[in-house]
Amino acid sequence: MSYQPSKIEPKWQKFWAKNNYKNWHTSDKPKKKHIYILDMFPYPSGEGLHVGHVEGYTASDILSRYYRMKGLEVLHPMGWDAFGLPAENYAIQTKRNPKEVVKKNIKRFRKQLQEMGFSYDWQREVDTTDPNYYKWTQWIFLQLYKKGLAYEAEVPVNWCPSCKTVLADEEVVEGKCDRCGKEVTRKNLKQWVLRITAMADRLLEDLDLLDWPARVKTMQKNWIGRSEGYDVEFKIVGQDEYLKTFTTRIDTIFGVTYLILAPEHPLLEKITEDSQRNEVQDYIKQALQKSDFERQSVNKEKTGVFTGAYVINPANRERVPVWVSDYALISYGTGAVMGVPAHDERDLAFAQQFYLPVKEVVAANGTLINSGPFDGMPYKRAQEKIALYVGGTKTVRYKLRDWVFSRQRYWGEPIPIIKCEKCGLVPLKESQLPLKLPEIKKYEPSGKNESPLADIVSWVNVKCPKCKGPAKRETNTMPQWAGSCWYYLRFVDPKNKKKLIDIKKEKSWLPVDIYIGGVEHAVLHLLYARFWHKFLYDIGVVSTIEPFSRLVNQGIILGEDGEKMSKSRGNVISPDSVIKKYGADSLRMYEMFMGPLTFAKPWNTQGVIGIYRFLNRVWSLINEEKDKSKKIKEKDVFKMTPEAKKKLKENIEELEKIRHQTIKKVTEDIESMHFNTAISSLMEYVNSLYQVPKEKINKKHQETLVLLLSPFAPHLAEELWQGALKHRKSVGQEKWPIYKAEIAEEKSFTLVVQVNSKVRDKILVSKGIKESEAKKIAKNSPQVKKYLKKQKIKKVVFVKDRLINFVI
RNA sequence: GCCCAGGUGGCGGAAUCGGUAUACGCAAAGGACUUAAAAUCCUUGGCUUGUAUAAGCUUGUGGGUUCGAGUCCCACCCUGGGCACCA
C-alpha cells in the first residue's frame, strides 16, 4: 500500500477526537513542569483559514507536541475573536445576521484547524461573542469605570464614513480605515474613553522584562512616545494672558524668533489683532476642514498666518510674533510651540517660508552662544539652569492618547451603563451581567453617530436603577479589541461562573510562556492587553504584571509571485486545496521547511511536492516488505565520500551515530524554533537509512524516525507507529527519544591543511590530534609538499580539531 | 527624512567562537526501470579556464584588521519593515 494522506489523516483525527480530545486536555492546576503555548486566536472571517494562520499554528503545535512528549503539561488552547467589524461587514455583505454568520464561520474554522491535526485542548474553547464570556468583558469595563479609568468625553475622533463608526488611532493607517481602506474624517463626538495614558510609564518600563522581538518593543516605545521637557510661559504683550508652550529643548530658548499656535488653540480668538482677524479666521476654517492625514502629510509646504500679537521671551525679554499654523497640534503638549528655526528642522522650514529670522544659540561644539549669562555652557547642562531662570516647569508628555472605546456598531459587547437625566451615568450591578446584545432585524449602521441599538426602544428605555425614573441604556458597543484583551486568562478557567479567573489557577499557568502571532498586532492588541492585564493586577484579579513573557512573530507567506497574497492578484493559496492534494502533514511540514519562522517567504508549490516525496520515502522505509525493498546495487548507491561509504557498509555503528546526532539536532532545533533545519536533519537521516540495505535497518531506527517526525507530521507518525510498528499507544504519548553525547560525537575529523591560508589538502584524522602529529601528517601530503618545496615556514597556525596553516 | 532588520548558486535557504562557503530542498542535466509516459531509484551540479591532474575567482560594492572574514571595523549601494510635523 502506498502513502495516502487522504485516507490516514481523517482516521487519526477521529482517533484524537475521542473523549473530547482527552489526550490534549490539561488540568487546571498542573502538578508537574508545565508550559503555556498560545496562538493569537483568529477572527472567524468568511474567508476561512489561510496559509498564514497555518504557519504560526503549526509552529506552536510542534512545540506543544514536543513538550508533551518531553513530559511537560502543556496548555495549548484555541478560541474565537468573533466580535467586531470583519464579521459584521461580512454579515452585511451577505445579508445575514452576524450571529448566524459567526456561528457558521466558527464551525468552518474549527473543522479546518482539526483537519490540520492541531493538538488543541478543545475543552477550553472560548468565543468572545458568547454571553458567558462577554459577561466578564463587561465586568472588566465596570471595574475600569469604578476606578475612573473609563470616562465619557467629547473628543475629536476618527470617523470612517464607510464603516460608519469611530476608530481608534491605532486603527487608522496612513489616514485610512484599517478595515475598509476608506479615508477617515474627523468629528467631535461624545465617546467612552479608557485612560491608558495613566499606565504609560509602566507600559514603557516593563517592556524591559519581556523576551519580545526588539522591533515590537521599539514600536510600542515609539507609540507611547515619552518625552521629558519643560512647560514655559510667554507673556502676551498688552494683555494679561500667558501662552504656555512645551519644549524638550529649553536650552534653545534664546533662539526663539516666533511662537506657533495650533488652529484649535483656545486663546487664538482672544489674542488676534483686528487687522489680522479675517485672515486668521479664514486660515482656521481651512485647517479644520482638512483631514488629519492631509494636515499631517509630510514634506508638505508649511502654511500659517500672523496673528498680530506678540509675546515676550522670558529668557531675553525680546518681543516675538505669534503665528497660527497647522503644524502645531492641539492634541499634543500645550498646542503652542516655541519656534527655534536654528535648531529645529520644521521651525526652519516655517521660518524660511515666511522670512522669519534664524538665530543660532548652540555652537557646533554643543555649547551655548547668544544666550546671555549661559554662553559657553554645554547645552545639556544649561537646560536645568535656564528652566530655573525662565520659570519653566519640568513636564513629561506622551504621544499616547487615551483609548477611544465606543463604536457605533451593533456587533460588539454592549457597554453596561445606564444614562439617567437625574442621576447621570449609572453602571449596571454586577449581578445584572451579562447585558445581552438584543436580537434585532436591522443591524446595518445608521450613520447617525449612533449604534443601531439606539432604535430598539424596548431595549434602550429602562428604569434608572437608582431613582427608578425613566432612563436610557448606553447604545454604543465596545471595539474589536475588548474581547481579545483578556482571552488568554479565560483559557485557564473557561467555565468559571463566579469569577473571571481563579487566581490560584492563574498563578500556576500565567504568564503565557510562548505567544506566537503576526507582527501586525504590535501596537494594537499587544498594547491594549498589557494595559488591561496591569489593571487586573492592580485590582487583584491576577498575580502577574505582564501577560506574555515571550513573543514570536511569524513572517508572512507571500504568493508564488513573491507578492503579498491577495484576491485581486489571484495568488492566494488555500490550505484546503493543498490538504486535498498532498495532505495536512505535507502542508505543515512544508510551511516549516520554507525557511526561518520569522522570515517573509514566497510560496512554492514544487516545494510542497518535495516534502510530499520525503514523507513517501519515510512511508516506504517503514512499510515496505523487506524482500520488496530497494534493489540496492552496491555500485550505484552512495552519494557520500568514499570513506563514509566504506564505513556505512562495514559498520552499522555509523548509522547508530547518525541516529544519535539526529536526535540531538532535532531536539535542539525544536527548542530554538529552527524548524527548517530540524527537518533538514530528518531528511539527512532518511537519506542515510536509504544508503544501507533494508535488512540492516533495525526497528530502533524506524522508531526513532517516527518519534522525531511526530510533532511535524502527526498523522503519518501515528499511522506508522500504531500500524506498521504495531504499538498500542498514541505516538504523542510516547517519550521523546534521548541521545548519548558520546555516541553522537564524531571520532574523527577532516583536517584542513592550508598553505598561506589557501586550502591545499584535506586529511581524515582522529579527533584530539596534537599539533606536532598534525604537522607531520600534513607535511607528508604530496599536495602540501608541492607548495612548501624549499620555502621557509615562517609560522604554523594550528586550530585543534580543525586545521593547520603553514605561512611561508 | 529618522529608526530597525537584511543582501550567500537559477530559486527557498544552511554555516556556535572569525577556521572546509553553498547543508537540506526545489528547479536542471544524465542514467536505471518501463512498450511508452508518470512515479520511483541512482549520478552530476557555484563561476571561469582546462581532456584531466589542477589552477584562479566567488557570500551587494569599495576599503581595513587578521595567518585566515559570509561572520569583526569603516564608507557606500540596494531591498524589506516601522515611524512620520509629537515641539
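The model shown is predicted, which means the values in this text are computed figures rather than measured ones. Chain identifiers are assigned alphabetically (A, B, ...) following the order of the sequence lines, protein sequences preceding nucleic acid strands; residue numbering begins at 1 within each chain.
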Under-4.0 Å side-chain N/O to phosphate OP1/OP2 contact, [X] with [N]:
X      : N     : result
A:N687 : B:G25 : yes
A:N676 : B:A14 : yes
A:R617 : B:C41 : yes
A:K795 : B:C67 : yes
A:R249 : B:A87 : no

What interatomic distance, in whole Å, is found between P of B:C76 and the corresponding atom of B:C67?
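It works out to 28 Å between them.
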For the C1' atoms, the ones on B:G13 and on B:U8, what distance do you get once it is rounded to whole angstrom?
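So the two C1' atoms sit 9 Å from each other.
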Taking salt bridge (charged side-chain N to carboxylate O under 4.0 Å, His left out) as the definition, give me every residue that meets it alongside A:E668, ordered by chain and number, with sequence neighbours left out.
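Counting only residues at least two positions away or on another chain, A:E668 forms a salt bridge (charged side-chain N to carboxylate O under 4.0 Å, His left out) with A:K664.
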Does RNA chain B take part in any stems of at least 3 consecutive Watson-Crick or G-U pairs (both distances under 3.5 Å), and if so, which ones?
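Stem segments, range with range: B:1-7 with B:77-83, B:10-12 with B:24-26, B:28-32 with B:40-44, B:46-49 with B:54-57, B:60-64 with B:72-76.
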Touch class at under 4.0 angstrom, heavy-atom based, for [X] against every strand present:
X      : result
A:T218 : nothing
A:R760 : sugar-phosphate
A:F806 : nothing

Residues in ring pair (Phe, Tyr, Trp, His ring centres under 6.0 Å) with A:Y258, at least two apart?
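A:Y258: ring pair (Phe, Tyr, Trp, His ring centres under 6.0 Å) contacts with A:F350.
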Is there a side-chain contact (heavy atoms from CB on, under 4.5 Å) between A:T303 and A:E301? Walk through the geometry before answering.
CA-CA 6 Å; A:T303 59; A:E301 225 172 57; 5.5 Å; no
